[in-house]
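Contents: one structure, followed by commentary.
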Amino acid sequence: MVDPKETINIENVVASTGIGQELDLQSVAMDLEGADYDPEQFPGLVYRTQEPKSAALIFRSGKIVCTGAKSTDDVHESLRIVFDKLRDLNIQVDEDPEIVVQNIVTSADLGRNLNLNAIAIGLGLENIEYEPEQFPGLVYRLDDPDVVALLFGSGKLVITGGKQPEDAEEAVDRIVSRLEELGLLDG
Amino acid sequence: RLRKWQERIRTKDAGERNLQFALSEIDRMASALGVPRSVREVASVIYRRALNEDLIRGRSIEGVATSCLYAACRQEGIPRSLEEVSDVSRVDQKEIGRTYRYVAQELSLKMEPVDPKQYVPRFASDLNLSEEVQSKANEIIDETAEKGLLSGKSPTGYAAAAIYAASLLCNEKKTQREVADVAQVTEVTIRNRYQEQIEAIGVR
DNA sequence: GCTTTAAAAAGTAACAT
DNA sequence: ATGTTACTTTACAAAGC
């Protein structure tokens, strides 16, 4: 039917950056609308952006983690908003802070059902974990792109751990060819 | 000299005591679960291997011991669910599951997915169901699994639904609640698995 | 190791209706 | 009996316990 690569959809992008300045989270929490800060529970201050939708974790060191965005462009847009909000509070923020993508979560569809039992036994000696009593997905750790895939009986999958969108495409190709050469694609 | 000597004896004694504790725990839990002595021996062997491979560092002896017993039951073809095992352990289910996956991975235990049929004799016996019902349940499991219905489903819920369906087909009806209780799954799970299994084999 | 954030997959569970 | 919400798994950064 369709090339599984065409079904790939980015669901979440995690990135880190920093404003190059230490922060007094207590005062930021006071002035920033919608900020959640509970140092007893977690050292970071949580700030959510609406458009693009994301959550930023702001730390005392000035380092920031952005998660929830649907693309790397959205990560940049969300962080631009966060930077400007901090500047509105008279906080010095570096000109163009380096933003590093740490993880990209994608979903895809192989287009046919999978016999996870057969795959677990067939690829049993590889980096596979399938414990349906604990989780319905089969965990497949790849070496070449260094990502982890969760395969489901429906043929849908989740790929996480990648740093570039291409990692997911490569992973899907490798998974499909691996299952094909072992005759495990539907059976 | 003497101090070093005593220290060695101390650690050796401590290690020996820990091993004894682990083995006695395996024995206690195995008895509580009603599994044969052969399973305890397999569990002990796995535990000693884990000990030799230094897998216990950073983990509780109880957790590793329980995980070894869980793995041993599966290897011997008489699985106990994580919930059943956690019922006789002081370690919680989540920790047992995590430790089991870690130990199985590190020791390269070639664990195959649990076959739901392996739960049929015990569950059916607990429900006082006939041999006929058991055969029917096994038949349902094989037939529906072959059609791909098993992927991703928990073995206990799958077995429970097949037993429930078989009890109806053989006129030895048990309620969903009764079957759910022995399998330790919810009625909702039995209902869902039962519906798709029946649909797959066709009502008769 | 834990804590928090986000998101998907599919199964199971708890609690409400 | 059905519906809603929530938790299971994967990856990752941050600071601190």
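No hydrogens, no waters, no symmetry mates; every other heavy atom, side chains included, goes into these values. Numbered from 1 within each chain, the chains take letters A, B, ... in sequence-line order.
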So which one's nearest nucleotide on DNA chain D is more toward 5', P43(A) or V14(A)? V14(A)
Given dA1(D), dA6(C), dA14(D), which nucleotide is nearest the side-chain atoms of R48(A)? dA6(C)
Rounding to an integer number of Å, can you tell me how far Q93(B) CD sits from dT9(D) P? 11 Å
Hey, is the side chain of R59(B) poking within less than 4.0 Å of OP1 or OP2 on dG1(C), counting only N and O atoms? no
Salt bridge E53(B)-R49(B), side-chain N to carboxylate O under 4.0 Å: no
Mind checking who dT2(D) pairs with, Watson-Crick or G-U wobble, both distances under 3.5 Å? dA16(C)
Give R191(B) one of three labels, base, sugar-phosphate or nothing, depending on what nucleic acid heavy atoms sit under 4.0 Å from its own. base
In Å and rounded to the nearest 0.5 Å, what is the CG to OH distance from L169(B) to Y164(B)? 10.5 Å
What nucleotide among dA10(C), dT10(D), dT5(C) has an atom nearest to a side-chain atom of S154(A)? dA10(C)
In whole Å, I'd like the distance from the CG atom of L82(B) to the P atom of dA13(C). 12 Å
Length of the CD-C1' vector between E187(B) and dT2(D), whole Å: 13 Å
When every non-hydrogen atom of A30(B) is compared with those of L69(B), the smallest separation belongs to N-CD2, 3.7 Å
How many whole angstroms separate atom OH of Y158(B) from atom C1' of dA10(C)? 15 Å
Roughly, in whole Å, what's the span from CZ in F42(A) to P in dC12(D)? 16 Å
Nearest whole angstrom, please: distance from the P of dA14(D) to the CG of D36(A). 22 Å
OP1 or OP2 of dT8(D) less than 4.0 angstrom from a side-chain nitrogen or oxygen of K94(B), does that happen here? yes
Donor-acceptor pair (no angle test) under 3.5 Å: T160(A) side chain, dA11(D) base: yes
Taking atom C1' in both dT2(D) and dA8(C), what distance in whole Å separates the two? 25 Å
OP1 or OP2 of dT4(C) sitting under 4.0 Å from any side-chain N/O of T67(A)? no
Within the 4.0 Å heavy-atom criterion, would you say V185(B) contacts the bases, only the backbone, or no part of the nucleic acid? sugar-phosphate
Could you tell me whether the phosphate oxygens of dA11(D), OP1 or OP2, come under 4.0 Å of any side-chain nitrogen or oxygen in R141(A)? yes
Identify, between G44(A) and N12(A), the residue whose nearest nucleotide on DNA chain D lies closer to the 5' end. N12(A)
Separation of I159(A) atom CD1 from dC12(D) atom C1', in whole Å? 16 Å
Which distance, rounded to the nearest 0.5 Å, do you find between the CD1 of I201(B) and the CD of E146(B)? 13.5 Å
Pair D92(B) + K94(B): basic N to acidic O under 4.0 Å: no
Closest approach to the side chain of Q41(A), judged atom by atom: which nucleotide of dA14(D), dT4(C), dA7(C) is it? dT4(C)
For dT12(C), does OP1 or OP2 lie under 4.0 Å from any side-chain N or O of T186(B)? no
Ion pair K136(B)/E172(B), N-O distance below 4.0 Å: no
Can a side chain N or O of R193(B) be found less than 4.0 Å away from OP1 or OP2 on dT12(C)? yes
Looking at D84(A) and R87(A), does any basic side-chain N land under 4.0 Å from a carboxylate oxygen? yes
Please measure how far the C1' atom in dA1(D) lies from the corresponding atom in dA9(C), and state the result in whole Å. 27 Å
Check whether any side-chain nitrogen or oxygen of R101(B) sits under 4.0 Å from OP1 or OP2 of dT9(D), and answer yes or no. yes
Base, sugar-phosphate, or nothing: which does V158(A) touch, judged by heavy atoms less than 4.0 Å apart? base
Would you mind reading off the distance between N103(A) atom CG and dT5(C) atom P, rounded to a whole angstrom? 17 Å
Considering Watson-Crick and G-U wobble pairs with both distances under 3.5 Å, what does dT10(D) pair with? dA8(C)
Distance between the P atoms of dT3(C) and dT8(D), in whole angstroms? 10 Å
Residue-phosphate contact under 4.0 Å: S154(B) side-chain N/O, dG11(C) OP1/OP2: no
When rounded to the nearest 0.5 angstrom, what distance separates CD1 in I96(B) from CD in Q93(B)? 7.0 Å
In terms of side-chain geometry, is the basic nitrogen of E133(A) or R74(B) positioned less than 4.0 Å from the acidic oxygen of its partner? no
Members of residues 49-61 of chain A that approach DNA chain C, where some heavy atom sits under 4.0 Å away: K53(A), A55(A), L57(A)
